[in-house]
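Below is one structure, written out as structure tokens; the observations come after it.
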Amino acid sequence: MDKRLMAFYFQDAVSQGLMSAGVDVLHFGLASTPAMFNSTLTENEEVRCPVDGSIMITASHLPYNRNGFKFFTNAGGLGKADIKDILERASEIYKKFTGEGLQKSQGRSASVRRVDYMAIYASDLVQAVRKAAGNKEKPLEGFHIVVDAGNGAGGFFVDKVLKPLGAVTSGSQFLEPNGMFPNHIPNPEDKAAMRAITQAVLSNKADLGIIFDTDVDRSAAVDSAGRELNRNRLIALLSAIILEEHPGTTIVTDSVTSDGLTVFIEKKLGGKHHRFKRGYKNVIDEAIRLNSIGEESHLAIETSGHGALKENHWLDDGAYLMVKLLNKLASARASGMEGGSKVLTNLVDDLQEAAVTVELRLKIDQNHVDLKGGFFREYGEAVLKHLENVVDSDPKLVKAPVNYEGIRVSGFGGWFLLRLSLHDPVLPLNIEAPSHDEAVKLALAVHEAVREFRALDTSSLDKFIHRT
Ligand SMILES: O=P(O)(O)OC[C@H]1O[C@H](O)[C@H](O)[C@@H](O)[C@@H]1O
């Protein structure tokens, strides 16, 4: 679990439920989501691993007053259909629940035991870096690396990973778990969070900064010059590393990645960019599917900072992504190269980046009369269909020939993507363009097409268009 306010309460409730069904329970305490999944794979009899299943209690980067569960078996995280099934069963059990039943179930014999699993998981990460550096004990000696855990579960990375590898970690911040997240939202997609780690790198004159989200399945980095290595840049960097190891492999990404990234992966690195859908589970499942039909893929990664590698059992693991960067630093040092994180920055030098990059999130008012009592998804689909028709009749706009989500369009030297959010009643709009004027032209095209949909709040779009 992470350190949200209700975490212990949920841990107790879940443990009671499991034990009453005769299931033995291990408590890992404060842990990361990837470590929970990892425990379904680790062979270690002493701590009764691999476990049959694991549950992470977290609401990830969402606000402090939310919480939730992520379920894992050795086949990966449970998806929508399984979760629905669990909820239906839970509701059936709840309906039949009686005090007498509770007493009976409490009599069943099952155990609960506290295990420091994070120590096991972290030592695997340490071993991975040592191995990549030719079995050197302290391959990061001489590097100054600062970590920002945003008061989530990622603080272990300093004491249990970086220090044993020899790195100096002074200036690391917000390592203390605090369920109120008092410093910034723990999320590498959050601008304030990225500013905080950038500042920490610059003021400590560190070689590298690392930032995690609350439960450490998302991550990003900052180089010694304060350049953010997140979003498309992080994908480009990991693609460069993975394509050195596996020439020609397919990199699966989410839908909001840039055109520049495709050019970088395909023309510069000689790989294949498969731009799929948003959602880490979607990209991971797609990479697994490609492998199963004979198309080799070693990396599935999102602009959100979620990423999984074939070599790491397709575990969605922000800490492991950072291990890949550390390996690169360590092996460069071992081969006599100086220059700190420059070895990483140099890898993405040729990535073309748009001058203007925006994401606007257009809300659908679920109570608006235009929805006629229907679902926001249907309404959102209708908006997208209409936009598609408008684009088809506009010679200045070209629909992406291959696209798996929403409407992606090129024009005015840039592109836009309008799609339905995975979870919220929102249509996120991403625009990238060579200048503000061109970005506005793309925004206007969208505005023109969607303005008759009165349940759609276009105020952020208006604001963007009328900003001078
Ligand atoms: O569709 P959106 O609202 O942008 O949210 C999409 C995001 O949802 C969750 O946070 C998932 O963990 C991410 O993998 C995904 O990228």
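Counting convention: from 1, in listed order, for ligands and their atoms alike.
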Assess, by modelled atom type and distance only, whether the side chains of [X] and [Y] contain a donor and an acceptor separated by less than 3.5 Å.
| X | Y | answer |
| --- | --- | --- |
| D2 | T214 | no |
| R278 | T303 | yes |
| Y121 | D317 | yes |

Quiz item: Are R289 and D285 close enough for a salt bridge, meaning some N to O gap below 4.0 Å?
Solution: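 So R289 does not pair with D285 through a salt bridge.
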Quiz item: Should we count CZ of R454 as having more than 12 external heavy atoms under 6.0 Å?
Solution: no
Quiz item: Can you name the salt bridge (Lys or Arg N to Asp or Glu O under 4.0 Å) partners of K328, sequence neighbours left out?
Solution: E244
Quiz prompt | Shell of residues surrounding ligand 1, defined by a 4.0 angstrom heavy-atom cut-off that is strict | solution =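 H61, R218, R278, G279, Y280, E302, H306, R361, R419, S421, L422, H423.
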